[in-house]
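Note that the structure is a prediction, hence the values are computed from the model and not measured. Worth knowing before you read on, the calculation uses all heavy atoms, side chains too, and leaves out hydrogens, waters and symmetry mates.
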Amino acid sequence: MKLRYILITPFLLFGCSWLPPEDEFIDVDSLHTISNFPIGSAVRFVPFKDDPALQRLQKHHFDSYTAGNDMKMNSIMPEEGVYDFSLIDAILAYTQETDQRLFGHNLIWHSSTPSWVKEKAQKDPEWLSDFMKRYIYTYVGRYRGAVHGWDVVNEGLRTKGGGYREDSIWYEVLGSRYIEQSFHYAHEADPEAVLFYNDFNTERDLEKFNFMIDMVEDFIKRGVPISGIGFQMHIRMDIPNEVIASTLRRAADTGLQIHLSEVDIIFNHHDDTRGGGVQKLTTLTPKMEQAQAQKYYELALMYQKLIPADQQYGITLWGFNDRDTWIRPFFGIQDWPTIYDERLQPKPALYGFLKGLR
Ligand code: XIL
């Protein structure tokens with residue numbers, strides 16, 4: 001394992017230039033065609049379904065589709081008792097027409113749990129346990145064989161350091177067992193689906209990472225049907241490659257599928273909360289663009305070199321242009337974390353990513 005990293009180090013040290021070709025769009029190679037594993041992006045179906053320019057780029061580059069928000073619980077069941085699968089049916093039709101893998105994000109997440117669920121759960125813990133089972137059976141069962149894999153539990157661990165996330169209704173009412181129970185239910189509903197535990201900052205916060213690995217290895221030992229680890233990978237320019245490499249390598253040692261599930265690379269800082277952005281840089285300079293291209297290149301290269309081919313579930317970008325990136329509205333900062341700019345023109349980052357995948 002160590003040897004592998006030594007082998008890629010020279011690539012990481014020598015800088016290169018990432019200049020776009022003259023004809024910026026048409027001649028750009030397709031990310032997924034060049035890659036040996038699936039390449040995805042998160043998309044919000046509305047307004048995507050009415051945006052031909054965005055669709056053209058999405059079809060060109062990606063063979064895996066993650067719904068930005070549309071598959072979360074508050075979209076499926078905003079009100080008690082009524083499942084609304086209409087948007088997902090439309091998304092499924094789109095992915096089937098365009099031959100893309102549909103990835104399910106996500107089943108259980110504190111942050112997208114509708115308020116009516118939280119209110120009922122507090123009054124009646126048994127109801128929550130029963131609801132979780134019915135929800136997963138109904139949802140995963142409906143898309144059995146159609147949704148390829150799921151983030152079964154998203155962000156079940158504390159924002160920082162080790163430990164379960166306590167500010168989650170699921171943990172508060174059901175205790176940590178809700179995590180493994182969710183995996184059991186999802187597996188019963190679709191035994192072929194690839195089932196992930198997905199979280200953020202696990203590539204850089206070693207305490208959090210170690211807690212996650214202990215949980216995952218305990219699941220494996222006890223036969224909890226987990227098949228993969230999702231690293232959201234919302235990274236910053238200053239997160240050291242050595243740290244990312246060490247966590248990826250250790251995660252691969254579990255033998256599970258590894259998904260870089262929500263990649264973007266930001267320049268500024270934030271404190272992981274909504275509105276918590278720290279605007280350090282206000283203008284994107286050519287030098288910054290080159291550095292970001294290099295970071296996309298290195299990330300793609302690390303994934304390829306450190307994750308064995310049969311564990312490469314793929315790399316998914318959380319949105320692929322700076323116009324639609326979630327980073328700006330969510331953290332309240334101006335940033336440029338993706339591979340296309342606001343005008344849907346390719347950035348050096350795209351060429352860096354392409355080169356890393358090649
Ligand atoms: C984000 C969406 O992009 C935003 O539109 C929404 O306001 C909040 O959620 N980790 C995840 C994703 O797992 O579901 C989040 O998506 C980004 C962070």
Side-chain angles (χ1 to χ4, degrees), residues 1-13 31 35-41 64 66 103 105 149 151 153-157 160-162 194-220 226-266 292-318 337 339 349 352-358:
M1 279 303 199
K2 266 198 178 126
L3 182 66
R4 278 199 191 136
Y5 192 59
I6 291 166
L7 289 177
I8 64 170
T9 305
F11 291 98
L12 305 183
L13 293 179
L31 288 167
S35 169
N36 294 324
F37 44 79
I39 301 292
S41 62
S64 181
T66 296
F103 183 71
H105 175 83
D151 284 331
V153 174
N154 193 36
E155 303 181 359
L157 303 185
K160 284 192 181 70
V194 187
L195 304 180
F196 286 85
Y197 176 76
N198 192 53
D199 216 323
F200 66 95
N201 291 3
T202 39
E203 76 291 338
R204 72 182 87 149
D205 178 338
L206 298 182
E207 241 185 287
K208 181 166 181 172
F209 174 77
N210 288 333
F211 192 89
M212 175 185 73
I213 289 292
D214 286 349
M215 176 183 81
V216 165
E217 290 192 328
D218 173 56
F219 284 178
I220 297 172
I226 184 169
S227 16
I229 297 173
F231 286 86
Q232 293 187 6
M233 209 55 90
H234 297 291
I235 56 174
R236 279 195 322 252
M237 290 296 297
D238 61 352
I239 305 297
N241 287 340
E242 293 71 18
V243 177
I244 299 175
S246 72
T247 53
L248 288 182
R249 205 186 287 120
R250 174 69 184 92
D253 286 347
T254 61
L256 296 182
Q257 295 294 300
I258 306 295
H259 187 196
L260 307 192
S261 57
E262 308 186 9
V263 172
D264 38 37
I265 306 184
I266 83 167
Q292 189 186 43
Q294 179 71 14
K295 194 81 173 169
Y296 267 99
Y297 166 69
E298 291 161 356
L299 187 65
L301 207 59
M302 279 193 276
Y303 184 77
Q304 284 191 78
K305 301 284 176 190
L306 301 176
I307 309 298
D310 61 353
Q311 290 171 255
Q312 293 170 345
Y313 193 73
I315 300 183
T316 298
L317 309 179
W318 201 252
I339 57 172
F353 193 34
L354 272 169
K355 186 163 180 188
L357 293 173
R358 199 172 265 131

Which residue, Thr316, Asn154, Thr202, forms the side chain to side chain donor-acceptor pair (under 3.5 Å) with Gln232?
->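 Between Gln232 and the candidates, side chain to side chain donor-acceptor pair (under 3.5 Å) is satisfied uniquely by Asn154.
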
Among Ile235, Ile339, Leu299, find the residue that satisfies the side chain to side chain contact (heavy atoms under 4.5 Å, CB included) test when tested with Val263.
->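 For Val263, the side chain to side chain contact (heavy atoms under 4.5 Å, CB included) test succeeds with only one of Ile235, Ile339, Leu299, which is Leu299.
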
By ring pair (Phe, Tyr, Trp, His ring centres under 6.0 Å), which residues pair with Phe200, not counting sequence neighbours?
->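 Phe200 satisfies ring pair (Phe, Tyr, Trp, His ring centres under 6.0 Å) with no residue once adjacent residues are dropped.
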
Under the ring pair (Phe, Tyr, Trp, His ring centres under 6.0 Å) test, residues paired with Phe103 that sit two or more places apart |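 Only Phe196, His259, Tyr313 meet the ring pair (Phe, Tyr, Trp, His ring centres under 6.0 Å) criterion with Phe103.
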
Validation row: [X], [Y] side chains within 4.5 angstrom (heavy atoms):
{"X": "Ile213", "Y": "Asp253", "value": "no"}
{"X": "Met237", "Y": "Ile265", "value": "yes"}
{"X": "Ile315", "Y": "Leu31", "value": "no"}
{"X": "Tyr296", "Y": "Leu317", "value": "yes"}
{"X": "Trp318", "Y": "Thr66", "value": "yes"}

Minimum-distance pair of heavy atoms, taken over all atoms of [X] and [Y]:
{"X": "Phe231", "Y": "Asn198", "result": "N-OD1, 4.1 Å"}
{"X": "Gln312", "Y": "Tyr303", "result": "CA-OH, 3.1 Å"}
{"X": "Gly356", "Y": "Leu301", "result": "O-CD1, 3.9 Å"}

So, [X] side chain and [Y] main chain: donor-acceptor pair closer than 3.5 Å or not?
{"X": "Gln311", "Y": "Ala252", "result": "yes"}
{"X": "Glu262", "Y": "His234", "result": "no"}
{"X": "Glu203", "Y": "Leu248", "result": "no"}
{"X": "Lys160", "Y": "Asp205", "result": "no"}
{"X": "Asn210", "Y": "Leu206", "result": "yes"}
{"X": "Ser227", "Y": "Leu195", "result": "yes"}
{"X": "Gln257", "Y": "Asp310", "result": "yes"}

Just jot down the side-chain hydrogen bond (donor to acceptor under 3.5 Å, both in side chains) partners of Thr247, sequence neighbours excluded, or say none.
->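 By the side-chain hydrogen bond (donor to acceptor under 3.5 Å, both in side chains) rule, Thr247 matches no residue at all.
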
